[in-house]
Amino acid sequence: MAKIKIDSEKCKGCCLCVAECPRGNIRMSEIFNNSGHSFAEIIDIENCTGCALCCQMCPDMAIQIEDEKKTGKIAIKESSQRKSSKELMKKLE
Amino acid sequence: MAKIKIDSEKCKGCCLCVAECPRGNIRMSEIFNNSGHSFAEIIDIENCTGCALCCQMCPDMAIQIEDEKKTGKIAIKESSQRKSSKELMKKLE
Amino acid sequence: MLNKHTKIIVAGFGGQGVVLAGNILARSAVMEDKHVTGMVSYGAEMRGGTANSTVIISDSKIASPFVVTPDVAIILNQPSLDRFEPLIVKNGLAVINTSLVSQSGSRDDIERVNIEASDIANSLGNKRTANIVILGAFIKKTNLLKPESVISAIEELFSSKKPALVEVNIKAFNAGLDGVK
Amino acid sequence: MLNKHTKIIVAGFGGQGVVLAGNILARSAVMEDKHVTGMVSYGAEMRGGTANSTVIISDSKIASPFVVTPDVAIILNQPSLDRFEPLIVKNGLAVINTSLVSQSGSRDDIERVNIEASDIANSLGNKRTANIVILGAFIKKTNLLKPESVISAIEELFSSKKPALVEVNIKAFNAGLDGVK
Amino acid sequence: MCQAAIEAGCRFFAGYPITPQNEVPEYMSSHLPEAGGIFIQAESELAAINMIFGASAAGVRCMTSSSSPGVSLKQEGISYIAAAELPCVIANMQRGGPGLGNIRASQGDYFQAVKGGGHGDYRIIVLAPSTLPEIYELTMAAFDYADHYRNPVLILGDGILGQMAEPIELKPYKPVVELPEKDYILDGCKGREPRIVKTLLLRPAEALVEFNEYLKVKYARIESELKLCEQYLTEDAELVVAAYGITARIAIDAIDAAREKGLKVGLIRPITLWPFPNEAFKEVVGRAKKFLVVEMSNGQFVDDVKLAIDCSRPVEFLGTGGGWYPTPEKIFEKIEAVYK
Amino acid sequence: MCQAAIEAGCRFFAGYPITPQNEVPEYMSSHLPEAGGIFIQAESELAAINMIFGASAAGVRCMTSSSSPGVSLKQEGISYIAAAELPCVIANMQRGGPGLGNIRASQGDYFQAVKGGGHGDYRIIVLAPSTLPEIYELTMAAFDYADHYRNPVLILGDGILGQMAEPIELKPYKPVVELPEKDYILDGCKGREPRIVKTLLLRPAEALVEFNEYLKVKYARIESELKLCEQYLTEDAELVVAAYGITARIAIDAIDAAREKGLKVGLIRPITLWPFPNEAFKEVVGRAKKFLVVEMSNGQFVDDVKLAIDCSRPVEFLGTGGGWYPTPEKIFEKIEAVYK
Amino acid sequence: MKFKKPESLYDRNTHYCPGCGHGIVHRIIGEVIDELGIREETIGTAPVGCAVLLYDYFNFDVIECAHGRPPAVATAMKRIHPDKIVFTYQGDGDLAAIGTAEMIHAANRGENFTTIFVNNAIYGMTGGQMAPTTLVGQRTTTTQKGRDLIKQGPPLKVCELLSSLDGVAYLERVAVSTAKDSMKAKKAIKKAFQNQIDGKGYSLVEVLSMCPTDWKLSPAQAVGFVNDEMKKVFKPGVYKDTDVK
Amino acid sequence: MKFKKPESLYDRNTHYCPGCGHGIVHRIIGEVIDELGIREETIGTAPVGCAVLLYDYFNFDVIECAHGRPPAVATAMKRIHPDKIVFTYQGDGDLAAIGTAEMIHAANRGENFTTIFVNNAIYGMTGGQMAPTTLVGQRTTTTQKGRDLIKQGPPLKVCELLSSLDGVAYLERVAVSTAKDSMKAKKAIKKAFQNQIDGKGYSLVEVLSMCPTDWKLSPAQAVGFVNDEMKKVFKPGVYKDTDVK
Ligand SMILES: Cc1ncc(C[n+]2csc(CCOP(=O)(O)OP(=O)(O)O)c2C)c(N)n1
Ligand SMILES: Cc1ncc(C[n+]2csc(CCOP(=O)(O)OP(=O)(O)O)c2C)c(N)n1
Ligand code: SF4
Ligand code: SF4
Ligand code: SF4
Ligand code: SF4
Ligand code: SF4
Ligand code: SF4
Ligand SMILES: [Mg+2]
Ligand SMILES: [Mg+2]
């Protein structure tokens, strides 16, 4: 399992990694980061092969892979965005 | 016989026509024209085929052919240069 | 400086439609035969970052088109509040998109209108209309321009380029009007 | 204007070496520690046509380097005579290459030195040295510069570029000196 | 500006994109062809100005537009067009300089426009509008002046004018000066002698001198005929603010404030920067004790003000370089400080 | 000029041929490589000036040379070099303009050189030699001023200076001002922080304003430190002729003639055109009753003379445009006419 | 597998729009320079275009040039510092429009520097005007009905154009529109730098790149545009390689 | 056989040096324009170069352009007067150095005018400096030891360069160094004008031409230089012809 990290504050939400992942293992967040972008998240860290195709495609160097050998937890930086759009939606119902 | 004419005042003495004439029928004058150039002369008008190769090559449009059918005299415009270099040479001897 | 004109700034992310909002205001004012000037600034950034659009509306001739100290600030996101709130004139007005602005401002000598413009826009099915929602709130609060003028301006500006969007934007504007008691 | 300097013009066809002749004069004057300025003009033409070179030689500092009214005109062909003879100062001098100048000039208030420079050059086997021949005549007539200086200048200027030509040019210069009684 | 140009019969536009004036080529690219005109996005500003050279010689009303660095690249071409006496309109929406600078509004190209950034003794007519309605009017007039005098006309704007909105009352085009017949157009010599458009004047040797003498007379004529200038509250002003373009508008706010405080301040705003409206300045000099020049540069326009009044009054200066505008507050402060 | 440049350590030259300054690249092409330098015949003047931009940033003393139309093409680049504060030497051997004009000597590019033909508020140091020995000296000094002030220096000559001969006493190079260490050079960031040479100043928003404020101070410093001017017989002159470059030499003949006739005439000859030697003019003003400006243009230099003396004396003018020089006779006539 | 920010790049957010190809190209260049160990020897040139601020991201010396003139600047730089590594980074407006002459002549002289040419078929920075490389039919702000073959001519193909020049050592066209393409692009860019180290002369890599903003497409659509439209006209491949006879 | 001055030329002596190729090219153009009967429809452009004064010799409308910019001027001229015949006459400095960008872009846009490109491998007017087309080893005033392949690069081959451009209709390289060549040149030039009449787009004929003066050769030697040296590097022939598939 690769130690893959997506820096949510670097991510600009372009989704290019999503299309690139052969495992379909990346999705876009429902919350926004500080710059107002929905950002990429790994769906299932166990499922990631560490092929780095996502990294190859990311225009913002938001995805890094620390080491393929060691296993570890995915560290998605917490977005400092306050409300998810889902929450907002709810309020409106 | 072609009615060929070389305008000695147009001629700048480049000699390009001389090399081009398949009949070897052009030579350079021993006198100078008003601009100080030795100029092209037809050696033997009878020998000219009117092929116009000389005209094709002349950068100064100094050679014209009036009509291929009619015969006529070659009209080399008289240079207004006063002395030939030969005359000068003689004086020095 | 001399308060003969109403100076308005609309500020937000590039992409939130601040320029369009400014244009709609300007166009509406022209329809009411007022004097008006509009200006756009992309800040120091070429791409991304904040953008703002300023409009001056007046009954008399306008000299300087610059807005340094706005009477009204229409604020679409947090960085814009941080930047422009301090510049609002005393007793001025801030119209704030509270969907994207959490920290409330620091001034207590200005009036405030809060509206969850982005949320309302989302609920209308087009999140890009938050700029229009907030315009509605602004108009309702100030009565600076007639709602009809704004609606005509929206019709005019969209119908040429994106006629499909006329309807949802008018809805958004009305939602904004209704969003303010 | 003020006759403290000797103003010389060398004029002829482009290609007759007027620039070189001017350079040799200037160089010789420098060798004699005189003040000197030189200038070249191609007339209005880019190619062909007439060229002239002017030199001022003086024992004192030279202000304007222009020669409008020469003290001496060294004339290599007919058009140059026609153009520059009228400009020569009263009691000035014209040195004329009579090989290529047939009509004698119209001024009777100037001195004249005639030399068949082109013919002499031809006889030396290099018709391009007419410019040097005429320089010889000029020096002989005026004694403005020492013949040795001119010869050194010729050596200097040719030896770097075309050493083969040093000899014939010195010959030409001497022929010029001898050509004037 | 574009609408005005098309209305005035402009039928050829060549330009190269540069912020802050991209709206111009963008507008032209779609509207000019609709009006039967030709729009070319050139490969560079050099190509653009030389296309204008060709278009003008071909006989149509033509225009190009750019901003500071791009206008620098056009200097050789402008010198050629002036030398060939071809009419054309050039717009410079100035941005902050020098170098790449920034894309804010600036008045840093005054010298280039008014003194001439190209080589040789030529002059171009320089118009400095301060509102969008004025841009509209002056653009139309620019084509007329260009044709009337057979000379390039430069509209010296700035990034703000390029990007602001203001209602314009559309007026149909009507020439403001007499338009001479264009007898220099190249369109094939059918039924007439061949024509040559050229700027090389080699023969006779005096040809270029004579041409320059002629230009001098022509320019003197333009100077005597064409001077536009606006005044505001100068009748009794003891301090006269001199400013042009957008800066003049800002100054008005400051002047109004000063008047409220009882300071007798007025404004003089040249609309033609060349010819410079010297007479208007001379007229004002009789009353004013002092001048204050305000410009968005570190001091270029100020020289012409001094020369216009023969240095007969103190000329104070408030300048902001680097694409920044002076606020009414700052101008007001300066007014208070220099007013005595 | 070339010898002086090489002697002063110039090791990079880029140019594009143009009459009348072809001798410069021709000389450089053979002699610079011999001195271990680099000569490039660029594909255009634009390429040449931008090569200079690169060469200067790379840290070597560098130079380019051209004549009027070619210098117009360099205006954008010059603005960039000034904005990047890179030292370099540019020569303009002016020819007759505008347009292609002719190839005679001219002083028609004064405005372009002194006011700045490029965009933005920048200044370049302008040196105007009048003799070949002076060209030799000033060329060496030009490299020093450029390095000292980190600013482009323009040598404003003319076709005559480019093509005349005059003996020069060769002197070994010795810097005329202190030469600061070049801490801006780009040569790879080994052992140091990366360096950037740039002219775009976007962030913070005030960056460019501040830079322009800084430039203003820098230019004021140059103005206070560097002013070269020569005077001739001005001690008792009632009429002072103001002329620069080759024109000043011609004027001297006329002045000598005037003196012979008892007219008290002198000459003031600025050697730096920017900074303009205002002080020298102010000093002369105390004594002189009138000025006569002589220049080979239709009137460009004359404005600076007026400004230098605050328009406090009448300034008469004798100009010849189009690449023609005024003869001593003509100047003398004018002197007689205006002398009262 | 490991994937980290190269040392040649600072750890900063860029100003590029979401999905912009410039970011990918930057990353590749950074990696190549790291791998070749030449960061401290490198001098980059910044163009005028969206990448004008590249010095904010690259961790080595950079000179920002006038629009279109990087090849002239780089020529001087490299001649003066023949032992340093010099590269130009240019957009299609910069390289193929205003800077055509400088590019062609530097290439033809065989100047020993490297050019990374980012072809996004548009003027990005100025807001989406037609570029010389805009496709026929492509809408831009100055060709609102699509580029017209008759009025604006066909797109300019830089690799094809340069391939006839004797002075050029290496020309390849790549893309960054898929991960695979990016890896190929990296190989090409590495070779272009290696050529310079080996003194082989002028090398240029043309990179087909996305500009979602000015194409008015989503990033995903933009990728599609490169893959489906651009590659058809601008065929990827090696156009010249003096190593291969 | 008859050989007379064409009507499109005035009966004047030219300012060209003895043996200069410009005179031959002028004559050919004059004849072609006469034969096509388009004298009164023609607008020529003069370059900056030895041919700058061509309007003194041609008997039709001419506009003299800034150095290198005739293609830009001609573009405007032809677009405004699509029914007139517009041609540029340019030297190698004008077209292949300072005017590279204008030439390439006019060609690529497929502007429907004709270019006569007189390649004499030197800057004639300014006194013999290196041109982009100067041969390797050729001495000029700025390459006194001969053009050096490393320092100045190889000569720029314009026909080869342009042949990849989709916008170009016709490219041929000819010479005027023999009578035969001149006749071929005439054919090519006639076709280039005919193409314009037929609306086929950009046509360029490159003419290898003599400059005895700046080559420092006699006219006869200059002819030899074209035949023996230039033709080796600049191979005559048709480089593109959209008529031929
Ligand atoms: C002389 C000059 N002309 C024009 C501009 C305006 N300008 C800035 S970037 C640019 C084009 C950018 O397009 P490109 O080179 O393709 O880069 P991109 O932004 O697409 O990456 C232009 C025209 C300028 N700065 N300077
Ligand atoms: C902007 C500018 N740069 C340079 C020149 C000088 N110049 C005049 S002609 C010429 C080159 C001529 O060479 P070419 O184009 O080959 O024509 P040729 O004389 O050989 O026929 C140059 C560089 C100029 N007039 N304008
Ligand atoms: S490394 Fe490969 S498998 Fe893992 S998320 Fe990225 S693309 Fe998917
Ligand atoms: S490619 Fe990078 S920037 Fe784009 S969504 Fe994925 S992580 Fe974010
Ligand atoms: S026409 Fe032919 S044969 Fe007669 S002179 Fe000329 S080349 Fe010789
Ligand atoms: S080719 Fe013409 S110019 Fe040359 S020598 Fe013959 S006739 Fe005279
Ligand atoms: S405009 Fe285009 S090229 Fe520029 S940053 Fe945005 S996506 Fe990238
Ligand atoms: S210099 Fe050369 S190209 Fe020019 S006229 Fe003379 S021979 Fe012809
Ligand atoms: Mg691009
Ligand atoms: Mg040539």
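Values below: all heavy atoms of this structure, side chains included; hydrogens, waters and symmetry mates excluded. Here the structure is a predicted model, which means the values were calculated and not measured. Every chain is numbered from 1 and lettered A, B, ... according to where its sequence line falls, protein lines coming before strand lines.
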query = If you count heavy-atom pairs under 4.5 Å with chain F, which of Val36(D), Val30(D), Asn23(D) comes out on top?
reply = Val36(D)
ask   = Under a 4.5 Å heavy-atom cut-off, does chain D meet the side chain of Leu132(F), its backbone, both or neither?
value = neither
ask   = Is the closest basic N to carboxylate O distance between Arg249(F) and Glu166(F) below 4.0 Å?
value = yes
Ring pair (Phe, Tyr, Trp, His ring centres under 6.0 Å) partners of Tyr16(F), counting only residues at least two apart = His67(H), Tyr123(H)
remark   = Checked Ile160(F), Thr327(F), Thr247(F), Thr131(F) vs chain D; the most non-hydrogen pairs under 4.5 Å come from Ile160(F)
query = Do Asp71(D) and Thr6(D) pass the side chain to side chain donor-acceptor pair (under 3.5 Å) test, and can you show the C-alpha distance, the side-chain angles, and the key distance before you say yes or no?
reply = CA-CA 6 Å; Asp71(D) 301 297; Thr6(D) 308; 5.2 Å; no
Residue selection (most heavy-atom pairs with chain F, distance under 4.5 Å) from Gly22(D), Ser64(D), Ser53(D), Ala26(D) = Ser64(D)
ask   = Residues two or more places apart in sequence or in another chain: which of them pass salt bridge (Lys or Arg N to Asp or Glu O under 4.0 Å) with Glu295(F)?
value = none
